[in-house]
Enquirer: 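This is the structure I want to talk about, given as structure tokens.
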Amino acid sequence: MPALAGEGGDLLDAVRARRAERARAQQEEYQEQPRRAAEPKRAEREAARPACASCGTKCDDDGGDSPTLCEPFEAKAVAAAAGSPASGNADCGPAN
């Protein structure tokens with residue numbers, strides 16, 4: 001009787017289990033390849049995203065203009081340029 005098919009086929013079962021585990025590992029590796037290939041491009045896009053000049057917060061990259069200020073700082077800058085107070089504090093408003 002061959003050694004692989006001996007008492008209960010323990011050795012044969014072990015060989016089959018190792019092959020199945022190897023096949024599972026190879027399948028996982030194969031499925032992981034697209035994500036790993038896309039990682040450098042994703043990192044490049046993240047590094048190229050515009051950031052606020054005041055606070056450093058990354059802005060949404062919507063493909064439009066490259067903003068230099070995030071929304072809160074841009075609102076303050078617009079308010080300052082218009083001569084109105086940057087905050088909603090009632091004490092800063094025009095006197096009646």
Enquirer: Under 4.0 Å between a Lys/Arg side-chain N and an Asp/Glu carboxylate O for E21 and R18?
Expert: no
Enquirer: Test R35 against E32 for salt bridge (charged side-chain N to carboxylate O under 4.0 Å, His left out), laying out the working first.
Expert: CA-CA 6 Å; R35 188 197 62 78; E32 187 70 18; 2.5 Å; yes
Enquirer: To the nearest 0.5 angstrom, please state how far the CD atom of E29 sits from the CD atom of Q31.
Expert: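 Going from the CD atom of E29 to the CD atom of Q31 covers 10.5 Å.
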Enquirer: Should the pair E39-R36 be classified as a salt bridge under the 4.0 Å nitrogen-to-oxygen rule?
Expert: no
